Amino acid sequence: MPGRGSGKDPPRRTARGAATRERIIATATDLMHRQGAAATTLDQVVDSCGVSKSQLYHYFPDKEALLAEVIATQANRVLSRQKQLLEQLHTMQELDKWRDALVAGLSERGYRCPIGSLANELAGRCDTARRTLAGAFGTWTGDLASTFARLQDSGELSSEVAAEDLALEVVAALQGGYLLAETMQDEQPFVLALDMALGWVKAHARAAHQKRPDRRDCGIPMS
């Protein structure tokens with residue numbers, strides 16, 4: 001068993017230290033969401049958070065380390081919320097609830113997706129960040145694909161189209177809508193892109209219902 005000071009055990013973080021670290025991450029996350037990652041300096045984080053530079057560097061040796069935590073924080077926020085919403089969808093009609101939740105408060109969020117905004121800025125600059133963000137998009141797409149697969153299993157959605165393909169098409173439309181909405185400072189591009197994507201999904205639902213035979217046509221008693 002290693003003794004004290006052997007260097008084999010990670011240093012323990014006090015409750016106060018953990019709170020300070022989380023406050024730094026929260027401050028950096030807010031600043032980077034509002035003004036971009038590149039435009040946000042460590043000095044700004046220090047000034048806004050009310051900590052010393054030595055405290056910041058104690059937890060984060062450089063901006064890249066802090067940025068990794070910001071990406072993880074934003075991804076967790078978005079994906080946790082999306083998973084919660086998607087797990088509640090069991091019919092095609094309930095897709096509209098998901099749609100309304102995405103549109104609600106769009107202007108207050110700056111017409112942007114926290115994950116997409118970071119990806120637009122960082123994907124071509126930092127491969128580590130790109131891989132992390134790609135993983136976040138993969139999780140989001142996977143959760144949406146699971147929802148579509150559930151609708152296929154219940155007969156709400158045609159099984160002739162791959163759930164994974166539908167999910168990727170919807171997420172791609174979402175991100176394009178976010179980008180235009182943020183650029184134009186208008187929710188219309190986002191709403192149109194989202195409704196177009198969901199209209200495509202619903203077209204497959206109509207096909208599924210059209211191909212479903214009526215029980216009376218099969219000679220099956222209705223009672």
Side-chain angles (χ1 to χ4, degrees), residues 21-22 24-42 45 59-87 89 95 98-99 101-103 105-106 109-152 161-184 189-198 200-201:
R21 183 177 185 276
E22 290 304 312
I24 293 171
I25 295 172
T27 300
T29 299
D30 179 64
L31 286 172
M32 291 184 187
H33 181 67
R34 287 190 287 110
Q35 62 189 32
T40 300
T41 66
L42 294 182
V45 175
Y59 299 108
F60 306 101
D62 50 36
K63 184 176 178 180
E64 184 175 345
L66 179 57
L67 180 58
E69 291 295 334
V70 169
I71 293 173
T73 297
Q74 292 288 46
N76 182 64
R77 286 178 180 175
V78 173
L79 297 177
S80 297
R81 177 58 175 161
Q82 285 301 302
K83 188 174 184 66
Q84 180 185 32
L85 291 170
L86 291 171
E87 286 180 343
L89 305 186
L95 277 176
W98 180 65
R99 180 259 188 210
L102 288 171
V103 174
L106 186 62
R109 299 194 302 273
Y111 302 98
R112 67 185 62 168
C113 167
I115 300 176
S117 293
L118 288 169
N120 289 334
E121 185 176 2
L122 300 172
R125 299 182 181 181
C126 176
D127 195 56
T128 299
R130 182 197 62 76
R131 290 195 300 269
T132 302
L133 290 162
F137 280 127
T139 298
W140 192 351
T141 303
D143 288 342
L144 188 56
S146 296
T147 298
F148 290 152
R150 185 166 64 246
L151 295 176
Q152 288 176 328
V161 60
E164 295 80 5
D165 290 345
L166 276 181
L168 185 57
E169 289 164 353
V170 171
V171 172
L174 274 179
Q175 292 307 311
Y178 274 123
L179 177 60
L180 287 177
E182 181 181 0
T183 302
M184 300 170 68
F190 178 81
V191 172
L192 290 176
L194 178 56
D195 287 347
M196 178 189 68
L198 293 184
W200 174 242
V201 174

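Values in this document were obtained by computation on a predicted structure and should not be read as measured data.
For the pair V191 and L194, the minimum side-chain heavy-atom distance is 4.5 Å or more. Counting only heavy atoms from C-beta outward, the side chains of V161 and Q152 approach each other to under 4.5 Å.
The two residues A163 and A149 make their nearest non-hydrogen contact at CB-N, 3.8 Å. Scanning all heavy atoms of the two residues, the minimum distance from A145 to A167 falls at N-CB, 3.5 Å. When all heavy atoms of F60 and I25 are compared, the closest pair comes out as CZ-CG1, 3.5 Å. In this structure, T183 and L179 approach most closely via the heavy-atom pair OG1-O, 2.8 Å. Shortest non-hydrogen contact noted between L198 and R99 is CD1-CB, 3.5 Å. Taking each heavy atom of T27 and V45 in turn, the nearest pair found is CG2-O, 4.0 Å.
With sequence neighbours left out, F148 forms a ring-ring contact (aromatic ring centres under 6.0 Å, His included) with no residue at all. Legend: residues meeting side chain to side chain contact (heavy atoms under 4.5 Å, CB included) with A129, ordered by chain and number and at least two apart, are I71, L122, C126. Scored by the side chain to side chain contact (heavy atoms under 4.5 Å, CB included) test, A68 finds no partners at all (sequence neighbours excluded). Taking the side chain to side chain contact (heavy atoms under 4.5 Å, CB included) definition, one finds that E182 meets it with Y111, R112, S117, Q185, sequence neighbours left out. The side-chain hydrogen bond (donor to acceptor under 3.5 Å, both in side chains) check on D165 picks up nothing, with sequence neighbours excluded. Partners of L42 under the side chain to side chain contact (heavy atoms under 4.5 Å, CB included) rule, at least two apart in sequence or in another chain, are L56, Y57, K63, L66. Considering only residues two or more places apart in sequence or on other chains, E164 meets the side-chain hydrogen bond (donor to acceptor under 3.5 Å, both in side chains) condition with none of them. Taking E169 as the reference, W200 meet the side-chain hydrogen bond (donor to acceptor under 3.5 Å, both in side chains) condition, with sequence neighbours excluded. By the side-chain hydrogen bond (donor to acceptor under 3.5 Å, both in side chains) test, D127 pairs with R130, R131, sequence neighbours left out.
Here the CD1 atom belonging to I24 is positioned 11.5 Å from the OG1 atom belonging to T29, to the nearest 0.5 angstrom. Once rounded to the nearest 0.5 Å, the distance linking CG of L151 with CG of L95 reads 6.0 Å. In this structure, F190 CZ and C113 SG are separated by 8.5 Å, a value rounded to the nearest 0.5 Å. Note: Y178 OH to I115 CD1 = 9.5 Å, rounded to the nearest 0.5 Å.
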N/O donor-acceptor pairs under 3.5 Å from side chains in residues 72-79, not counting sequence neighbours:
unit_1 : atom_1 : unit_2 : atom_2 : d
T73    : OG1    : E69    : O      : 2.8
N76    : OD1    : S80    : OG     : 3.4

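Applying the salt bridge (charged side-chain N to carboxylate O under 4.0 Å, His left out) test to every pair with at least one member in residues 25-36, sequence neighbours left out, gives these pairs: D30-R34. Residue pairs satisfying the side-chain hydrogen bond (donor to acceptor under 3.5 Å, both in side chains) criterion with at least one member in residues 133-147, sequence neighbours excluded, are listed as follows: Q82-W140.
Put simply, the side chain of E121 never gets that close to the backbone of G36: no donor and acceptor are under 3.5 Å apart.
Sparse packing is recorded around CD of E64, with 12 or fewer heavy atoms of other residues, nucleotides or ligands lying under 6.0 Å away.
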